[in-house]
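Here's the structure we're looking at; comments come further down.
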Number of protein chains: 2
Amino acid sequence: MQNLLAEYHDKLSSNNYKLTSQRKDILTVLINNKDRHFSVEDLYNEVKKVNPDVGLATIYRNLELFCSLNITHMLEFESDYKHYELVSEDDHHHHLICMNCDKIIEFNDEDLVKFEERLAEEYDFDMVKHYIKFYGYCNSCQNSNEGEME
Amino acid sequence: MQNLLAEYHDKLSSNNYKLTSQRKDILTVLINNKDRHFSVEDLYNEVKKVNPDVGLATIYRNLELFCSLNITHMLEFESDYKHYELVSEDDHHHHLICMNCDKIIEFNDEDLVKFEERLAEEYDFDMVKHYIKFYGYCNSCQNSNEGEME
DNA sequence: TTGGCTGCAAATGGTTTGCACTAAT
DNA sequence: ATTAGTGCAAACCATTTGCAGCCAA
């Protein structure tokens, strides 16, 4: 855990950015919630629990900075606001998103890597990153009456 | 071409919506540019060529309507504004997006369907739709010096 | 005829920015 | 000490909404 923070500290310093207390607080929240995807507002509220004086603009500015340093990346959900999460080593996970309860199931898949390789060759495309999202109804919502089964 | 317009007319009428001249103009532009993805602004400008008096709010309101009727759907590019395109029968195409020149290559793939089926079973997920986007550098940008090869 | 549609302009709300102050190095 | 970073509030800008007039059915 602390290793990660140290790693990010290094990344900041080596790019001539300072490790301010706000940045430390934001990163700590992200590290302690590796499996969550935060909206800016969510992250803001979480950081305020640790540092009530933090400003919303600081969250915005630092998420932008962290993304440029590949510490975080933006997720593109079908939402009106942006979501962010830490970039992790085993970062080839994707999302199954329930259209009823908004639950997000993450998955990894080997086959996707092969698929991507084939695609890259076929279209002579130098693949950098991909976003894959599946929308549908999760187990619980299929079985309840709330999931609209037309 | 005209078949499509008639089809959309039916869909509108049967849902108690009128085929106004503005709606006809918007649909015509979309039909005549099936392979383009429009930002709202782009579509607005295109429709204005035919009907200079059309209002921007009308474009917004009708794209929302068309999406609810499954005539169009929203694309989620890494952009600050939403993009739309017509829903088509053979609609399992996805996007390779060049990070240098912003070119968008569309592709279809059989394997993706199989992959999706396996995933649905594995996670007991009732799949409705998916968004798959690959980011990287296209052929031309790999070979020019403009694509940054770090 | 008449209720849905439209154009206009004002409002909304997530995000960005200017500025004076603060703090990490 | 110096300059990057911060909090605040105002600005920004894509999108939404209220309303009076208009037109497809």
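Letters A, B, ... are given to chains in the order of the sequence lines, protein chains preceding strands, and every chain is numbered from 1.
When the C1' atom of D/dT17 is taken as reference, atom CG of B/Leu63 falls 17 Å away, rounded to whole Å. Spacing between atom CG of B/Leu19 and atom C1' of D/dC23 amounts to 13 Å, rounded to whole angstrom units. Computed from coordinates, the A/Lys24 NZ to C/dA23 P distance equals 14 Å when rounded to whole Å. The distance from atom NZ of B/Lys82 to atom P of D/dA14 is 13 Å, rounded to the nearest whole Å. Nucleotide D/dT6 holds its P atom 9 Å from the CD1 atom of A/Ile59, rounded to whole Å. Taking atom CG of B/Leu56 as the reference point, atom P of D/dT16 lies 10 Å away to the nearest angstrom. In this entry the distance linking CG of A/Asn62 with C1' of C/dT17 reads 15 Å, nearest Å. Look at CD on B/Glu41: it is 14 Å from P on D/dT16, rounded to the nearest Å.
At distances below 3.5 Å, at least one donor-acceptor pair connects side-chain atoms of B/Gln142 with backbone N or O atoms of B/Tyr137.
Ranked by how close their nearest DNA chain D nucleotide is to the 5' end, A/Asn16 and B/Lys18 are led by A/Asn16. Both A/Tyr81 and A/Ala57 sit near DNA chain C, but only A/Tyr81 has its closest nucleotide nearer the 5' end. Comparing B/Ser21 and A/Asn51 against DNA chain D, the residue whose closest nucleotide sits nearer the 5' end is A/Asn51.
For B/Ser13, no side-chain nitrogen or oxygen approaches OP1 or OP2 of D/dA25 to under 4.0 Å. OP1 or OP2 of D/dT16 has not a single side-chain nitrogen or oxygen of B/Tyr60 nearer than 4.0 Å.
Between the CD1 atom in B/Ile59 and the OG atom in B/Ser39 there is a gap of 10.5 Å [rounded to 0.5 Å].
Within 3.5 Å, no donor on the side chain of B/Arg23 pairs with an acceptor on the base of C/dG4, nor the reverse.
Annotation for A/Phe115 and B/Phe107: closest pair CZ-CE1, 4.1 Å, computed over non-hydrogen atoms.
A salt bridge is defined here as a Lys NZ or Arg NE, NH1 or NH2 lying under 4.0 Å from an Asp or Glu carboxylate O, and A/Asp25 with A/Lys49 fails to meet this definition.
Each of D/dA25, D/dC8, C/dT15 was ranked by its minimum atom distance to the side chain of B/His9; first place goes to D/dA25. Side-chain proximity of B/Arg61 to the nucleotides D/dC19, C/dC19, C/dC5 is greatest for D/dC19. Nearest to the side chain of B/Tyr17, among D/dT6, C/dC5, D/dT17, sits C/dC5.
A continuous path of Ile, Leu, Val, Met, Phe, Trp and Tyr side chains, each step under 4.5 Å between heavy atoms, connects A/Ile104 with B/Val128, placing both in one hydrophobic cluster.
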